[in-house]
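Please read these numbers as outputs of a predicted model, since none were measured by experiment. Values below: every heavy atom of this structure, side chains too, minus hydrogens, waters and symmetry copies. Order of the sequence lines sets the chain letters (A, B, ...), proteins ahead of strands, with each chain counted from 1.
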Amino acid sequence: MDFDYSPAEEAFRQEIRAFLKANLPPKEQRGPEFLKKWLQKVRVKGWVGFSWPKEFGGGGGGIVEQAILREEMALAKAPPLGTSFMGLAWVGPGIIQYGTEEQKRRFIPDILDSKVIWCTGYSEPNHGSDLAKIQCKAVREGDEYVVNGQKIWTSGAPWSQWIILLTRTEINTESKHKGITCLLVPMNSPGLEVKPIENMAGDRHFAEVFFKDVRVPVADRLGDEGDGWKVTVSALANERSSIGEVTQMFEKLDSLKGLVQSTHRNGQPAAKDPAVRKRLATFEMKIAAMKYNGLRYLTKQIRGEPLTSETSVNKLHRASLEIEMDDFAVALTGQSGLQLRGSDSAVDRGSWAKSSLSWPNVVIGGGTPNIQRNIIAERILHLPKD
Amino acid sequence: MNFGFSEEQEMLRDQVRRFMQEDLGLPQVKALTKASTGFDPALWQKAASLGWLGLTIPEKFGGLGLSWVDLTVLLEEAGRGLSPLPFVSHALTIEAILAVCGKAQKEMWLSAMAQGQAICTTALYDEPNWIHPDAITLKGVRESGGVRINGSKHFVSDACAADYFMVAIRIEKQLAMVAVGKEQVSVKAQPQMDATKPSGSVTFNNVLIDDSMVFKLSRKQLDFLTNCGAVAVTAEAVGAAEAAHKLTVNYANQRVQFDNLIGKYQGVKHRLADMYVDIESFKSLLYYAAWAVNQSPAELPRAISLAKGYAADAFAQIGIDVVGLHGAIGFTAEYDAQLYLKRSKWVRPAFGDSDFHLQRVATLGGV
């Protein structure tokens with residue numbers, strides 16, 4: 001057991017730090033062109049699509065280096081390495097794994113160069129957690145599929161250019177996982193309509209997406225017809241090291257401690273209240289558990305041992321922390337905690353209040369906690385399926 | 001970056017696991033703990049011959065000179081089988097001797113311990129629910145040639161099996177440790193919930209301890225010993241919690257109610273999934289703390305407080321729920337679920353409960 005990095009890995013960390021020192025000015029000094037230049041510079045470095053093979057324009061980096069890169073970027077509170085979160089997280093890896101040569105040439109560079117933003121068309125009004133039952137229909141007509149149906153809760157749909165879409169090409173299959181086909185569709189296709197949905201925090205991140213006789217060339221199908229479930233599952237299994245998230249959560253904990261230090265409650269400093277202190281320590285305990293769980297799983301990957309569904313452990317921690325930390329901040333500050341930005345009594349410009357209403361982004365998107373529990377129970381503990 | 005065990009450590013794990021299955025399975029554990037001391041000299045000799053009792057003793061004192069990570073492997077597997085053997089007391093006493101004694105005593109005592117010739121335990125706090133230097137209240141009075149002690153130490157782990165005791169006392173305002181043999185004191189068993197963790201009281205009846213057996217104990221050393229104790233009992237808790245969880249998962253995969261295996265119901269399977277999350281998590285935190293004992297002692301207080309702060313309450317709830325999920329059979333003395341519940345109750349206050357550890361996490365974190 002050791003927590004040291006090899007000289008080459010340490011050198012890589014120093015290279016990132018030097019780069020950040022030279023290229024990441026404090027927020028107030030960043031000009032209007034900053035983000036564009038930042039994206040170009042990290043692209044030149046090969047840090048976008050860091051683990052993707054070099055032949056497709058990725059960085060060809062190893063898993064330890066990737067963890068170091070994520071950690072350093074999070075520590076520096078750096079902007080993302082690309083504008084298409086989903087493109088980098090699973091659309092790109094999915095295309096690299098299942099795409100045709102032509103698709104790889106056509107789509108991968110634009111994801112890496114932040115020219116195209118992707119969204120993900122999975123959930124439907126009647127099928128969210130039970131994703132494999134989707135009904136959005138694609139019917140083959142010559143060289144095209146004709147798509148009819150609806151998607152919902154599609155994050156980023158209002159500003160995306162492409163959508164990775166799960167459709168049903170065959171009904172009444174033996175298994176619900178068969179007959180699903182994955183299509184890559186431009187958001188400006190005729191017959192495709194986006195209706196943003198306002199969430200409880202007042203944001204309009206997600207949307208309904210309607211398909212009426214949308215025609216998609218067969219050449220834009222990802223993987224074989226009927227193989228869409230496999231494509232989706234393996235794309236989502238493109239598990240990311242949680243080390244960047246852990247760093248962000250430690251930073252959030254620091255903010256929370258700052259809030260506690262500056263808060264009086266029941267006539268005394270909140271930091272003296274044992275219940276408050278224990279709560280903060282409980283958050284630290286869970287974040288640290290995520291950190292060391294992550295390092296154990298990283299070690300397994302380095303040794304070439306397969307990860308099964310262990311990452312659901314950290315997803316469950318993340319979900320509860322995501323809800324509880326903001327909720328704690330709001331409750332701690334009483335009436336002030338409820339104040340929104342614009343109120344002269346708002347705490348930290350209403351940021352805790354706002355994020356305490358935004359947790360479903362993380363907690364529900366990508367599998368609810370109960371789905372994660374099912375995954376652990378069925379795939380790790382081998383308990384019967386529901 | 002390597003947060004995993006080596007091949008040698010995995011071999012040690014297999015070896016201890018085999019021992020716990022073949023030599024000290026739960027039926028033997030139950031039989032042994034019905035006897036007064038819960039101790040078996042033959043098994044202790046076997047542990048010594050396998051090298052386990054010298055794991056953390058430096059080579060120059062007759063041990064293997066390995067680390068607390070290796071010891072954690074032993075303790076985890078001992079805990080998995082709810083071993084009543086005094087591995088924790090043994091490990092803690094090694095650290096106490098290394099911390100406070102002189103070279104001559106280390107040479108003499110540690111090699112005897114490695115060979116299983118001296119069964120030793122360590123008694124730190126007198127208060128039942130307080131981890132603090134002031135919670136050491138047993139008094140020693142200096143007189144010519146030594147220190148005189150009148151009084152008792154309670155809750156001493158493995159007291160009835162021990163040949164020798166390292167005992168924390170107070171001499172005026174200073175802390176000290178004294179080394180005594182069982183013939184100098186009177187030992188009485190104190191039955192408590194977890195029979196696999198036999199303990200007793202040690203009474204000093206106007207005993208004069210020779211100066212050569214009195215050692216200074218600094219607060220820093222006391223802290224270190226407390227932290228080591230917490231690492232040891234948490235390592236055992238990891239194994240015990242995994243065993244309890246496995247027992248319950250197996251039951252949920254066999255027991256049919258309402259025409260289904262009960263493991264199909266989310267009320268059961270989700271609780272089992274949450275237990276898995278908790279055990280994985282305090283296990284990771286514990287491994288880091290075990291590593292810190294030798295490699296990063298400055299990190300140890302925070303590391304072990306995160307691990308024990310988590311494990312103390314999580315294991316206690318697991319103990320309750322493994323009984324509850326079994327239903328009435330879990331309530332019986334014959335079935336094993338109750339043994340884990342009792343261990344979880346024992347682990348909770350040992351070397352600090354979650355209140356102690358999490359308040360310390362807050363303090364160390366600048367709050």
Which one of B:Ala307, B:Ala303, B:Gly263 has the most heavy-atom pairs closer than 4.5 Å to chain A?
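If we count pairs closer than 4.5 Å to chain A, B:Gly263 comes out on top.
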In terms of heavy-atom pairs under 4.5 Å with chain A, which of B:Ile262, B:Leu306, B:Leu261, B:Asn253 leads?
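Sorted descending by pairs with chain A, the first entry is B:Asn253.
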Do [X] and [Y] touch side chain to side chain, with heavy atoms closer than 4.5 Å?
X: B:Thr226; Y: B:Tyr125; answer: yes
X: A:Glu10; Y: A:Asp4; answer: no
X: B:Trp346; Y: B:Arg343; answer: yes
X: B:Trp130; Y: B:Asp134; answer: yes
X: A:Glu245; Y: A:Asn314; answer: no

So which bits of [range] come within less than 4.5 Å of chain A, counting non-hydrogen atoms only?
range: residues 354-364 of chain B; result: B:Ser354, B:Asp355, B:Leu358, B:Gln359, B:Val361, B:Ala362, B:Thr363
range: residues 308-322 of chain B; result: B:Gly309, B:Tyr310, B:Asp313
range: residues 271-279 of chain B; result: B:Leu272, B:Ala273, B:Asp274, B:Tyr276, B:Val277
range: residues 229-240 of chain B; result: none

Contact origin within B:Phe282 toward chain A - heavy atom pairs under 4.5 Å:
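B:Phe282 has no heavy atom closer than 4.5 Å to chain A.
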Counting only heavy atoms closer than 4.5 Å, note whether B:Val367 contacts chain A via side chain, backbone, both or neither.
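Both backbone and side chain.
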When only pairs under 4.5 Å are counted, which of [options] shares the most heavy-atom pairs with chain B?
options: A:Asn374, A:Thr282, A:Val64, A:Ile380; answer: A:Asn374
options: A:Glu9, A:Arg296, A:Lys278, A:Glu284; answer: A:Arg296
options: A:Lys385, A:Lys286, A:Arg303; answer: A:Arg303
options: A:Ala271, A:Ser6, A:Pro274; answer: A:Pro274
options: A:Gln372, A:Arg279, A:Lys257, A:Lys291; answer: A:Lys257

Part of [X] within contact of chain B (heavy atom distance under 4.5 Å):
X: A:Leu381; value: both
X: A:Asp2; value: both
X: A:Leu295; value: both
X: A:Gln261; value: side chain

Heavy-atom count check: over 12 atoms from other residues, nucleotides or ligands less than 6.0 Å from A:Gln268 CD?
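It does: A:Gln268 CD has more than 12 such atoms within range.
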Report yes or no: does [X] contribute a side-chain atom to a donor-acceptor pair with the main-chain N or O of [Y] at less than 3.5 Å?
X: A:Thr333; Y: A:Ser336; value: no
X: A:Glu322; Y: A:Ala319; value: no
X: B:Tyr340; Y: B:Glu242; value: no
X: B:Ser305; Y: B:Arg302; value: no
X: B:Ser67; Y: B:Val69; value: yes
X: B:Lys269; Y: A:Leu383; value: no

State whether a side-chain donor-acceptor pair under 3.5 Å links [X] with [Y].
X: B:Trp52; Y: B:Gln15; result: yes
X: B:Thr56; Y: B:Asp70; result: no
X: A:Asn293; Y: B:Ser284; result: yes

Between A:Tyr5 and A:Arg13, is there a cation-pi geometry (under 6.0 Å to ring centre, at most 45° from the normal)?
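Yes, A:Arg13 sits over the ring of A:Tyr5.
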What are the two closest heavy atoms between B:Trp68 and B:Asn294, and how far apart are they?
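Shortest heavy-atom contact: N-OD1, 2.8 Å.
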Could you check whether the rings of B:Phe3 and A:Tyr292 sit parallel, tilted or perpendicular, using 30° and 60° as the cut-offs?
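Perpendicular, since the angle between the ring planes exceeds 60°.
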Just verifying a value: how many Å separate A:Thr247 OG1 and A:Lys252 NZ, rounded to the nearest 0.5 Å?
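With rounding to 0.5 Å, OG1 (A:Thr247) is 14.5 Å from NZ (A:Lys252).
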